[in-house]
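Take a look at the structure below.
When a ligand or atom number is given, it counts from 1 through the structure's own listing order.
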Amino acid sequence: MRRTTEGRRDEPQGTLWWHDAVFYQVYVRSFADFNGDGVGDLEGLRTRLGYLELLGVDALWLTPFYPSPMADHGYDIADPREVDPTYGSLGDFDALVADAHSRDIKITIDLVPNHTSNTHEWFRSAMAAAPGSAERERYLFRDGKGESGQEPPNNWVSAFGGPAWTRVPDGQWYLHLFAPQQPDLNWVNPEVRADFERTLRFWLDRGVDGFRIDVAHGMAKPPGLPDMDPRVSALSSGDYGDPRFDNDGVHEIHQLIRKVLDEYPQTMAVGEIWVADELRLARYLRPDELHLAFNFRLVLTHFDADALRTTIDRSLAVPMATGAPATWTLANHDVWRQVSRYGGGAQGVRRARAMAVVELALPGAVYLYNGEELGLANVDMPAEAMADPRARTSGPEYGRDVSRVPLPWEGDEPPFGFSRTTRTWLPMPAEWAPLTVEKQLEDETSTLSLYRRAVELRQKHPAFSGDELEWYGAPAGCFAFRRKAGGLVCALNTSASPITLPPGEVLLSSSPLEDGKLPPDAAAWLV
Ligand code: GLC
């Protein structure tokens, strides 16, 4: 299965498949359930590959499907080189890769180097071993402060809320930047590095095309684990100046990952890096580090043309400084669905459609999140139905389950073809009946039809070539940019009145034009 190993570091950007790729994030638990247990699985995904081919995406990103007690839905991994029985088997994974490749769809998978599950054999043996032992050296065990070590070693808080330290029966504490069931690994330990390299090769040898590196700004910790500024803890994690993240030592780890990937032609890695400062972010994209870095600015920007223009310009500064492709994303499994972020209801849908048209006009790689192509909104659910650890530690308003509900495929009532059982792992709303894939495929005006058409144009139309943009003058509350080389024009209207479009032939619009004008909450492409 292993492919040839000639180097490819010097290939021009245009020949790298991810340069303009449309990636589609499959939240495996919620995509399609084959075995009828109410949880999505690899075989379910394989049986739905025809849909993804129809949608036209180039590559998939699969969220973790490894053995896990699911304290954080698979981001707590007990064995990184196996498949959890809930999701299938290694045989199912191989069949999925083969089938996807035969349809010209690449497979990229999530790796979680920052931490393991507390049920990983390494952590079990660390718990059984004494302080100072080699077993404990794979994690970050420390003595506590205070007379009897009763206080945590420092004041760090977990990204899910509460202290980042948990005390074990012999009195030591271990660090977990996320849930207590996700102990942080000690990346200074060569054994940790060697094991991660083994994991990379294990999946590369099975034919994967790349990786999404979870918390890619998190693995290296500063010497001495100094206290954090308590004001930082109230802000989102990943802010520059937060000692928990973005320490310089992390780059050496990305170099290690890149060295391995360079042995496998046409494979890539994208980092989940919540670092706001463009120059700090650009450091992850140096030629011997990651190929792509997630850019979450679009997720964090409200529906306002001026703010969005600033976001696009700031995002493009990173590829300009590094030569790496830009990346764009409007949603993922950790954030609210865009329809809800933009206010929900019919207006939320209109705005989400407009933003899809803006995003798919931009140069670089685009990451879609499963269900956004159906215009799904967050699902209201009672706190008791929530399974996300963040809902428990920080409160239900922080629960991420609202954007992780299983997808509606067909039929008129839950589970809408997602599963054979109505007892899906999160309840599915009956109001999704008009939004199933089946209904939307038949309707030319549906959000799914808009995405299909947009993805197809983006891939086939010559107007989408080139990496540079130029901005037109536009009325207040609107913008228009042009792809310099190809000539595609994209106009967005976030104002309250219809606007006259720039001259040209309209290729696509997110809402029907009104008397030839672009209505509010809409975007269009012209050539
Ligand atoms: C990343 C994942 C998130 C997970 C966390 C801890 O941010 O996207 O879902 O909870 O890492 O692994």
Side-chain angles (χ1 to χ4, degrees), residues 23 25-31 40 60-80 84 108-120 123 139-140 156-162 164 166 175-185 187 196 199 211-219 221 236-239 242 244-246 250 269-276 284 290 292-296 299-300 327 329-337 367-371 386-394 398-405 425-426:
F23 288 80
Q25 179 189 353
V26 176
Y27 194 69
V28 178
R29 284 184 85 69
S30 294
F31 193 72
L60 307 184
W61 150 29
L62 274 52
T63 51
F65 48 80
Y66 317 107
S68 165
M70 308 289 167
D72 185 19
H73 295 315
Y75 284 93
D76 50 321
I77 300 175
D79 178 355
D84 193 284
T108 71
I109 61 174
D110 222 319
L111 293 182
V112 185
N114 184 67
H115 44 264
T116 68
S117 159
N118 61 344
T119 64
H120 188 290
F123 195 74
Y139 293 91
L140 293 156
W156 290 9
V157 292
S158 139
F160 290 159
T166 290
L175 179 71
H176 50 87
L177 292 184
F178 294 87
Q181 298 91 334
Q182 292 168 299
D184 277 45
L185 285 163
W187 270 85
F196 189 67
T199 301
F211 301 104
R212 179 246 187 201
I213 310 288
D214 189 65
V215 198
H217 57 322
M219 292 87 87
K221 309 296 187 293
S236 68
S237 61
D239 277 314
D242 177 346
R244 297 170 302 169
F245 296 103
D246 194 29
V250 82
V270 58
E272 184 210 19
I273 304 164
W274 288 89
V275 171
Y284 290 80
L290 294 168
L292 297 176
F294 270 113
N295 149 33
F296 297 113
V299 173
L300 301 172
T327 68
T329 187
L330 287 165
N332 61 42
H333 65 295
D334 291 327
V335 300
W336 274 28
R337 287 199 174 272
Y367 277 84
L368 307 178
Y369 174 50
N370 62 197
M386 291 189 179
D388 179 12
R390 202 167 75 169
R392 282 194 298 277
T393 37
S394 295
Y398 291 96
R400 294 167 294 178
D401 300 296
V402 293
S403 61
R404 297 176 173 179
V405 172
W425 77 276
L426 286 174

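With respect to R29 and D84, no salt bridge is recorded, no charged nitrogen being found less than 4.0 Å from a carboxylate O. The pair D401-R390 fails the salt-bridge criterion, with no side-chain N (NZ, NE, NH1 or NH2) lying under 4.0 Å from an Asp/Glu carboxylate O.
H333 and Y75 have their aromatic ring centers within a separation under 6.0 angstrom.
A donor and an acceptor atom, one from each side chain of T327 and N295, are nowhere located under 3.5 Å apart.
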Which pairs of N or O atoms, one from ligand 1 and one from the protein, are separated by less than 3.5 Å, and what is the distance for each pair?
{"residue": "ligand 1", "atom": "7 (O)", "partner": "E272", "partner atom": "OE1", "Å": "3.2"}
{"residue": "ligand 1", "atom": "7 (O)", "partner": "E272", "partner atom": "OE2", "Å": "2.7"}
{"residue": "ligand 1", "atom": "8 (O)", "partner": "R212", "partner atom": "NH2", "Å": "3.0"}
{"residue": "ligand 1", "atom": "8 (O)", "partner": "H333", "partner atom": "NE2", "Å": "3.0"}
{"residue": "ligand 1", "atom": "8 (O)", "partner": "D334", "partner atom": "OD2", "Å": "2.5"}
{"residue": "ligand 1", "atom": "9 (O)", "partner": "H333", "partner atom": "NE2", "Å": "2.9"}
{"residue": "ligand 1", "atom": "9 (O)", "partner": "D334", "partner atom": "OD1", "Å": "2.7"}
{"residue": "ligand 1", "atom": "9 (O)", "partner": "R400", "partner atom": "NH1", "Å": "3.3"}
{"residue": "ligand 1", "atom": "10 (O)", "partner": "D72", "partner atom": "OD1", "Å": "3.3"}
{"residue": "ligand 1", "atom": "10 (O)", "partner": "D72", "partner atom": "OD2", "Å": "2.5"}
{"residue": "ligand 1", "atom": "10 (O)", "partner": "R400", "partner atom": "NH1", "Å": "3.0"}
{"residue": "ligand 1", "atom": "11 (O)", "partner": "D214", "partner atom": "OD1", "Å": "2.9"}
{"residue": "ligand 1", "atom": "11 (O)", "partner": "D214", "partner atom": "OD2", "Å": "3.1"}
{"residue": "ligand 1", "atom": "12 (O)", "partner": "H115", "partner atom": "NE2", "Å": "3.0"}
{"residue": "ligand 1", "atom": "12 (O)", "partner": "D214", "partner atom": "OD2", "Å": "2.9"}

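At least one side-chain heavy atom of F294 sits less than 4.5 Å from a side-chain heavy atom of Y367.
Applying the side chain to side chain donor-acceptor pair (under 3.5 Å) test between Q182 and each of T116, D76, D72 identifies D72 as the sole match.
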